[in-house]
Structure formats: C-alpha cells, structure tokens
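A short write-up of the structure that comes next.
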Amino acid sequence: MSATQRWIILADLDAFFASVEELLNPALRGKPLIVGGDPRSRSVVCSASYAARAYGVRSAMPMSRAVRLCPQAVIVPPRHGVYAEHSRAVMEILRAITPAVEQVSVDEAFLDITGCERLWGTPRQIGELIRRRVREERQLTISLGIAATKLVAKIACDVGKPNGLVLVEPGEEQRFLAPLPIERMWGVGKVTADHLRAYGVATIGDLAAWTEERLTATFGDLGRALYRGARGLDDGAVHAERERRSVSHEITFDVDLDDRAALERALLGMSDQVAAQLRRQNMVGQTVRIKLRYPDLSIATRQATLEQPTDQGQAIYAQARALLRRNWHPGQPLRLLGVGVAGLLEGGGYQLELFDASDQKRIRLNRSLDEIRSRYGSKAIRRASQLPPGEKASGEGDVDQER
Amino acid sequence: MKLSCTQENLAKGLATVGRAVAARSSLPVLSNILLATDNSRLKLSATNLEVGINCWIGANVEQEGSTTVPARLLTDLVNSLETERIDMELITRTQTLHLKSGRAEANIKGIDAQEFPIIMVPEEDSRVKIDADAMRQMINQVAFAASADDSRPVLTGVLVSVADGKITFAAADGYRCSVRSMDLEGAADRQMSVIVPARALQELARIAVEQDQPIEMLVDTNRNQVYFHMQNVDLVSQIVEGVFPDIRQIIPTTYNTRVHVDTTEFLKAVRSALIFARDSANVMRLQVVSHGEGEEGRLMVTASSPEHGDHASELDVTMEGKPIEIAFNGRYLMDVLGVIDTAQVLLEMRDPSSPGVIRPVGGADFVHIIMPMHIAH
C-alpha cells in the first residue's frame, strides 16, 4: 500500500531585494534597478529587477560588468536589515500554512504540504492562497513550484519565474523535465553542462536516455545523482528548522588582503557586530567559526568551542583570532573573511568571574554602546581601530588592547 | 625478599595506595607499586610525583627485600584470590615476584626497587593534630570548589592555614569559593599556611574513613611538601607554589535579600531543575518574592531547555529585605547544598551581578560564595 501522496512547494520571491526597493520607492518601479555596491569596487550584483535582467544583468555578476551591460540602471546599495524584515514577514505567511518550512535563503523556502488538503484545499489552491497572501499582505510577487519532490518543485519554480505557479502532477515528472536544457538540472553548473554537451546531452530528456551504468561510469557519483534527477527522483525531506542555528558576518575585501593586522581588525569589527546581534536577540553562543576564502575562491572554515557561551565581542574575537592565527599563513592573501557564532541558546547565560570584575565592566560598556548605536546609528560610536583611515584622531590610544 | 600476609590485608593496602599510582606516565616504574619489608611489616608505596602514599600491613617476614610490580596487575590478582594466606618470594636475578595462595600460583615481572622514587617522611618540622572525622568533613565541604583547570595552578589547591588557634580550609575556582574553619586544640601559638592540591586532600578524605586516631599534618618548607601521618598510612603531597587570592576580600559583608530555606527541599528543587538546565549551560533562575504577612516569602527555582521544556519549583521561605531575581549555575548550587548537613540554609544576595552567599543556619564556621550568571535579556 503506497503512502499518502507527497507534495512539496518551493516558494521563491521574485527579484527580492530589487522588489523591496521598488516597493519603498515607487518612482523606481519598472526601471532597470540594480542592488549592489559601488561599481568601481569589486562588489557583485545582489539583486536586479526584471527590467535590468532584460539587459543581461544577473545576480552575483561583478557590478562593473553589470553597469557596462545596462548603463542607465539605477544603483541602490543593499539594505539587508530592511530585506530581512520583509523576509521574516513572508516566512511567517508560509509557516501559517504549515510548520514544515525549510528556509533555504532570505527569499526562498521549501514547504511540505503533504496532508494539508483538508485544511487548505488542493495543492494548486494552496499555491494560489500563498501567492494571494504575499501579494496582499506584503505587496510582493512570489513564484511557486509544486511537485512530489524538492528537486522537481525547484525546477518547476525556476521555469515559471517571474510571478508564476507551475504544478507538476505526480507521474508527469519525466515528461515535464525532458525538454528542459541541461543547466536547469540541480547540481549542474556551467562546467558540467559543457561536459555533458560534449557527449551530445543538451536536455534533461537526453540525459534520461542514458543508462545508470553509463552515467556512473562517465561521471562517478554525480552520474548517479544525474540518473535519478533526470527521472525527477529525489527523496530529500523538508527540514523545518525551529531556531536559527548561527549568527555570522563576512566581508569580501575590495582587494585581496594579506596583512595580519588588517585581517585582525576586520575580525574584531565583525566579532563586535556578531555579538551585538546576539545581544539584540537575547542569545548567547558557544561555538566560534571563521570562514576564509582564497583568491582561487576555495573556502576553508574552522571552528572552536568556548569554555562557556558568550554574547561579548571580545570573547568571540579572542577565539576567532586564535583560529585565524592557527589556520592562516602570514602573507597568504584572502578574498573574504567571516566570523560566526553557533551553538546558540536563547535567554541563555554565562558565568561571571569571582575575582575579576572586568567581565562585568565589559557587559555594562557594551550595553551602553548598544543603546547609543540604537539611538544614533551603528557608526555613532566605534573602536578607534574601526575608523576609516584618515578619520583616526592622532594620539588616540588603541582601545582594542583592552582584555 | 620472602614473606607471607593475609589476602585481606594486602587487598586493603593495595586499595589505599592504588589511587596514587600514576595513570599515564612516561616513567614505567610509576605505574608500579613498591613492596618493601620494613621490620616485621610490609610497606606498600605508590606515587605520581605529586602525591605519594605509604601503607604498612602486617606480615610474616622471612627474608628482607624489596621490588616493584605493576599496580593494576597485582591489585586485580589479589582481589581475585580467596581470603587465604599469600606467600611471596622475589626471584632477585629476574626481578620476578612469585605469589602462592592455596593451590594458585603466579609470577609477576617487576622493576628493581632502586628505580622507584623515594617517598621521604620528614624528621620534624611544624606539625598539628586534627581529628580524622573533622578533617574528612572539612575536605568534603571545601575541596570540590577548587579548580580542575591546570592553567591557574594556585586555584587547583586548597589553602590550609593555621592561625589564632583555628585551622581554615579555603578553595576557589574563579566562580565560587568555599571556606570552612575549625578550632584547633593546642595550636594557639601555631602559624602555617600552605596550598595543598585538592586531589591530594580528596585522597586523604578517602583514607581518613578508616582512621580513628587524629591525623598529624606536617609541613616541610625546605622540600616543599606536606605530610599527613596516620595509623599505618602516610600521605605526602607537593605544595602548590604561588599566592592564593585574598578570600576575605570577596566575602560580601552586606546583603539586600536574605532567605532562610529548608536544605533538603532546596536541594530537591535544584536537582529537578538541573535536569532541564543541563542543556542551557546549567542556568538556574532563583526568584524570591514576599508572600503574605511579615517575613513570609516564596523562592521559585526554574530552569528551561530550549529543546525539551522547562521546570519550576516553589518553596516557602522566610525572607528579609527586597525581592530579587538572580541566576546561578545549578551545578554549583547542588554541589554546596550536598555538603551542608544542617536542616536550614541561609542564602544572602545583594543584586543579580554580585556574589551570593550560602551558609548553614547554626554553623558559623562554613561559608560558600557563588558568583551569579549573566543572563541574556
């Protein structure tokens, strides 16, 4: 006897950051709009409106290239705090449908709506309900893919974008996938696609014609995944997360950085930001992670557990710096550096020192700094080492040496 | 070496010295126990270079001599034997100890006794006598508060000081502190102060269970060692060098809230709450509110686990002063409540970030201080 038919939705907000910017400034609506950093720097496109995409602008493309493609585009610097608020509201709408929501990113989530028919209607009706609620409550458009597996739901959503709803009936997966270009397949990037095309595989249908033996013989483990994928097979479950598992910050440097002092300064700034975010959310965390990205784009992450949880920047920084010193060779250039804290506890605490009151002084100091920043902005008060060059007052002591 | 003894005495002696055997040592002989005839007795010795224990058992010595054999092997073997006479003979040429008990025989390969470090016993220096039961109680009330972290060696010890006719034990791990003192007869003019490793004192407390005579404590400042001399047993320990933090300075002298609470009820509440607190760094919240007339109050003990739920216990208490909400490490509360033997305890607090004080009601000679936890809110 077969189990209940499984139904998965992938919900993905259309051109999310750009759409939020249009929402907040209606004058931008319909214009080519790019959310991203200064085109003269090495920043990349965070999001582009569909009007900008018409010119070939894509997410993650270097800004410099984006403005060459679309010189008339309006460029807006990203405001992540604002997007996070909209994201939270949309995720709330999704969680009102089912608690089985796996948030993949700020604008994308899987829902397992298996067995929700009695409550909300057919899968298509549930999809329409989500789209209506997001439109009415948040004035944003969201695209949905609905299918029996995460893999097909994801591809269906991509096919329907923007502002689409594509439902693939169970049993129809292979027919739906067959005509699609091979790049639509999960796990197939440009390199693999070129490789496959060299074998005459241009569509997912072409791929489905291969036997499993031939695919694994040619592509190894990837071959096995491709064999299953081409048939729409995927037994991945929707993992609903109850809590945020980490808080982190990272910086992509304008130019690759190889100077220890500069890297540690960046680490300190980020540690303070992570700590402030923990305090805002009444959380403490016990695992400190660093993330290093090298010029060849390879990534290394390292982590260590603190003796006890913390929400203090100095404690996070001390551990992060130790990790950096152990795992980074002086002179090795880095493209990106990140700090995160995991092992989070809401409303958690940490032990105060009996013989040394400096921990309490630091708690009081950070509380005051948090208040100043919430009133006058995040840049109202900073460590001297975090001031941009040139703003540093002469003769000022280095406050970063406090212990 | 040739002798005989009873299985019972040998097993007991091995258990007494066994805990001083080095667990992991680069020096193989430290995993061994020294067996040496000493007049008409057999001396057993073990040391990990921090703590050494000598123990004498009755024996029928036919031929003097000494050797060392693996502690674990000998102990396991002796424990497996019937309670009969054991005959031992050392084959000197091969350093093999031959054991015979009933119809069982064994040969154990040993290491020459010359390689075993000598555990010295001092001739004479400053010494005091302490009742064995009292010593055991003092150690139990104090040693657990010492640090297990070797990065601050001074805090892994217990400060033992004799002054003004009193002996005081104090230990602190940086987050809590336990102090116990006692009158010491015939020591009005004595003065001494040493830091003894908490591990050594915990061994002493274990051995003291069997003792009915007072324990003599001797300090040899030249060799930087402290000796505890008992009936048939000597324990020698290195002294921890360094300056112990000034405990008097951190004992709060004032409070804004003072609670009288039943020790057993409080311990029960803490034990239940700790089951939930384990998942969240042992955070345990105490809330004191006044309830009804005069000094009647309530103490709420709560803890929560982000994954598994929460717990709350309510206790009737007598309170003085203001209501308070404070958080402590539940493990620390349990540790101290477990070593207080009076029916009631006093809990004194100033504010949520100042040390809390716990004292037995009717016992002025014990005080325990716990630093609160900072709570994210």
Side-chain angles (χ1 to χ4, degrees), chain A residues 239-247 274-288 305-316 318-319 322 341-368 370-371 403, chain B residues 145 147-149 151-152 154-155 170-178 243-247 249-252 276-285 302-308 310 325-333 351-357 368-377:
Chain A
H239 298 288
E241 264 180 64
R242 265 184 293 172
E243 313 258 347
R244 279 190 73 173
R245 284 201 244 124
S246 70
V247 170
V274 167
Q277 200 172 338
L278 288 173
R279 291 194 292 271
R280 267 200 303 281
Q281 300 178 349
N282 296 332
M283 303 233 248
V284 293
Q286 201 164 2
T287 305
V288 174
T305 303
L306 297 168
E307 210 169 296
Q308 56 169 336
T310 190
D311 60 4
Q312 300 294 307
Q314 201 66 31
I316 296 167
Q319 187 59 264
V341 172
L344 301 183
L345 278 176
E346 195 166 352
Y350 44 90
Q351 182 64 51
L352 297 172
E353 292 267 349
L354 188 56
F355 298 123
D356 180 2
S358 61
D359 55 347
Q360 296 203 43
K361 279 188 200 147
R362 209 150 47 221
I363 290 167
R364 281 198 297 274
L365 172 67
N366 280 326
R367 193 178 293 149
S368 307
D370 287 346
E371 267 170 41
R403 305 206 63 175
Chain B
S147 174
D149 177 5
S151 66
R152 288 161 91 182
V154 163
L155 296 186
D173 64 4
Y175 309 122
R176 54 179 169 171
C177 168
S178 216
V243 179
F244 205 81
D246 188 357
I247 296 295
Q249 253 188 5
I250 56 159
I251 300 180
F276 291 81
R278 299 196 277 244
D279 291 343
S280 35
N282 291 340
V283 174
M284 198 169 289
R285 289 163 202 256
T302 56
S304 65
S305 150
E307 296 281 315
H308 302 118
D310 50 44
E325 207 181 332
I326 191 167
F328 289 111
N329 182 327
R331 180 84 240 168
Y332 294 173
L333 288 174
D351 58 61
S353 53
S354 300
V357 180
H368 191 82
I369 294 139
I370 308 179
M371 201 59 194
M373 293 183 83
H374 173 79
I375 295 294
H377 57 71

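Every chain is numbered from 1, with letters handed out A, B, ... down the list of sequences.
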Is A/R367 in contact with chain B via its backbone, its side chain, both, or neither, using a 4.5 Å heavy-atom distance?
side chain
Starting at CD1 of B/I370, measure out to CG of A/L352 and round the result to the nearest 0.5 Å.
12.5 Å
Applying side-chain contact (heavy atoms from CB on, under 4.5 Å), run through B/M371 and A/Q351 and close with a yes or a no.
CA-CA 7 Å; B/M371 201 59 194; A/Q351 182 64 51; 3.5 Å; yes
Checking B/R331 now: which residues fulfil side-chain contact (heavy atoms from CB on, under 4.5 Å) with it, not counting sequence neighbours?
B/L274, B/N282, B/N329, B/M334, B/D335
If you count heavy-atom pairs within less than 4.5 Å of chain B, which of A/D359, A/L345, A/L278, A/L354 leads?
A/L354
A/E307, CD atom: more than 12 neighbouring heavy atoms under 6.0 Å
no
Chain A shares the most heavy-atom pairs under 4.5 Å, among B/P245, B/C177, B/P355, B/S353, with B/S353
For A/A342, enumerate each residue passing the side-chain contact (heavy atoms from CB on, under 4.5 Å) test, keeping only those at least two apart in sequence or located in another chain.
A/S246, A/T287, A/R289
Roughly how far, to the nearest 0.5 Å, is the CZ atom of A/F355 from the CD1 atom of B/I247?
4.5 Å
Can you tell me how far the OG atom of B/S354 sits from the CD atom of A/Q360, to the nearest 0.5 Å?
6.5 Å
Under 4.5 Å from a heavy atom of chain A, the part of B/F328 involved:
neither
Can you name the nearest heavy-atom pair linking B/A281 to A/G349, along with the distance?
CB-O, 4.1 Å
Whatever's closer than 4.5 Å to a heavy atom in chain A on B/A327 counts as neither
